[in-house]
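Working notes, beginning with the structure itself.
Owing to the predicted nature of the structure, the values given are computational and were not obtained by experimental measurement.
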Amino acid sequence: MRASMRLTSFTDFALRALMRLAGEPGRSFATNEIAAEFGISRNHLAKVVRDLADSGFISTQRGVGGGFTLARPAQSITIGEVVRALEGPPLVECFREDGGNCVLKPRCRLKAKLAAAREAFMRELDATTLAECAYPAPARRSPAHA
């Protein structure tokens with residue numbers, strides 16, 4: 001498992017974008033729109049969108065009228081699934097697939113505690129759907145009446 005208890009900004013931006021899509025599931029969004037709404041660099045968000053598409057969370061369409069939408073219903077996507085797909089290096093060295101270079105490995109009493117904490121963290125995220133975290137469209141300001 002590749003999740004950590006401190007999410008990278010990359011995963012944070014991905015979750016924000018997905019939450020926004022879930023708020024208006026029938027709508028296609030442009031990268032510029034989401035980037036502006038959340039104050040995220042357009043170039044960074046473009047990389048996030050590419051990874052979300054590669055992971056099967058969103059569908060993209062290029063060209064005029066293009067943009068991105070959820071690839072499947074928000075209630076069928078868990079936050080844990082997204083975090084696992086996008087998170088980078090493991091929480092600690094000894095969690096690496098190759099075992100890492102930890103010199104405490106033979107008698108370490110911390111690894112089991114960290115593994116239990118990571119599992120509790122991921123269990124909570126696995127029990128949370130994107131639909132539960134949907135971020136609605138910002139309220140439009142109505143012009144002042146004269």
Side-chain angles (χ1 to χ4, degrees), residues 1-102 108 110-146:
M1 175 165 36
R2 298 172 34 197
S4 68
M5 286 178 266
R6 182 182 188 288
L7 301 179
T8 62
S9 60
F10 189 88
T11 301
D12 177 32
F13 295 162
L15 289 170
R16 288 191 225 178
L18 289 170
M19 289 163 53
R20 186 64 182 90
L21 293 177
E24 289 186 82
R27 218 183 127 204
S28 182
F29 287 83
T31 305
N32 288 343
E33 182 181 3
I34 301 261
E37 187 174 331
F38 292 135
I40 300 170
S41 148
R42 187 207 169 285
N43 289 338
H44 197 66
L45 188 59
K47 292 175 189 168
V48 168
V49 166
R50 191 169 36 252
D51 272 22
L52 287 172
D54 290 346
S55 298
F57 296 113
I58 63 172
S59 299
T60 60
Q61 185 173 340
R62 292 184 177 271
V64 177
F68 56 99
T69 58
L70 288 177
R72 57 188 215 255
Q75 58 269 22
S76 74
I77 298 171
T78 69
I79 302 302
E81 179 183 9
V82 176
V83 169
R84 277 189 190 85
L86 301 179
E87 274 299 293
L91 182 61
V92 289
E93 178 83 10
C94 58
F95 285 176
R96 287 185 7 197
E97 286 187 28
D98 66 3
N101 294 317
C102 180
C108 180
L110 181 59
K111 182 177 180 177
K113 297 295 184 185
L114 291 175
R118 178 188 63 185
E119 291 308 314
F121 178 75
M122 292 308 299
R123 197 169 34 254
E124 184 64 30
L125 297 182
D126 286 338
T128 305
T129 68
L130 182 57
E132 294 173 67
C133 300
Y135 186 80
R140 301 270 186 231
R141 293 187 197 184
S142 58
H145 292 82

Nearest 0.5 Å please: distance from the CZ atom of Arg42 over to the OG1 atom of Thr31. 5.5 Å
Out of curiosity, Leu15 CG to Phe57 CZ, how far, rounded to the nearest 0.5 Å? 9.5 Å
Carboxylate-amine/guanidinium proximity below 4.0 Å for Glu81 and Arg72: yes
Which heavy atom of Ala17 sits nearest to which heavy atom of Leu45, and what is that distance? CB-CD1, 4.4 Å
What closest approach, in Å, do Ala134 and Gly23 show between heavy atoms, and which atom pair accounts for it? CB-N, 3.9 Å
Check whether any side-chain heavy atom of Val48 lies under 4.5 Å from a side-chain heavy atom of Ile40, and answer yes or no. no
Please report the closest heavy-atom contact between Arg20 and Pro136, naming both atoms and the distance. NH1-C, 4.1 Å
Residues Asp12 and Arg16 bridged, charged N to O under 4.0 Å: yes
Restricting to non-hydrogen atoms, name the atom on Ala30 and the atom on Phe68 that form the minimum distance, rounded to 0.1 Å. C-CE2, 3.9 Å
Evaluate the side-chain proximity of Leu52 to Leu86: yes if any heavy-atom separation is below 4.5 Å, no if none is. yes
Mind checking whether His44 and Phe10 have side chains closer than 4.5 Å, heavy atoms only? yes
Is the shortest heavy-atom distance from the side chain of Ile34 to the side chain of Phe13 under 4.5 Å? no
Can you measure from CD (Glu33) to OG (Ser28) and round to the nearest 0.5 angstrom? 9.0 Å
To the nearest 0.5 Å, tell me how far Leu21 CG sits from Ser59 OG. 10.0 Å
When you compare the side chain of Arg27 with that of Thr69, does any pair of heavy atoms fall below 4.5 Å? no
Does any N or O in the side chain of Glu132 come within less than 3.5 Å of the main-chain N or O of Thr129, such that one atom is a donor and the other an acceptor? yes
Nearest heavy-atom pair of Gly56 and Ala71: which atoms, and what distance? O-CB, 3.4 Å
Under the ring-ring contact (aromatic ring centres under 6.0 Å, His included) test, residues paired with Tyr135 that sit two or more places apart: Phe38
Any side-chain heavy atom of Leu130 within less than 4.5 Å of one from Val82? no
Are side-chain heavy atoms of Leu70 and Leu18 found at a separation under 4.5 Å? yes
Heavy-atom closest contact (Asp126 atom, Gly80 atom, distance): OD1-CA, 3.3 Å
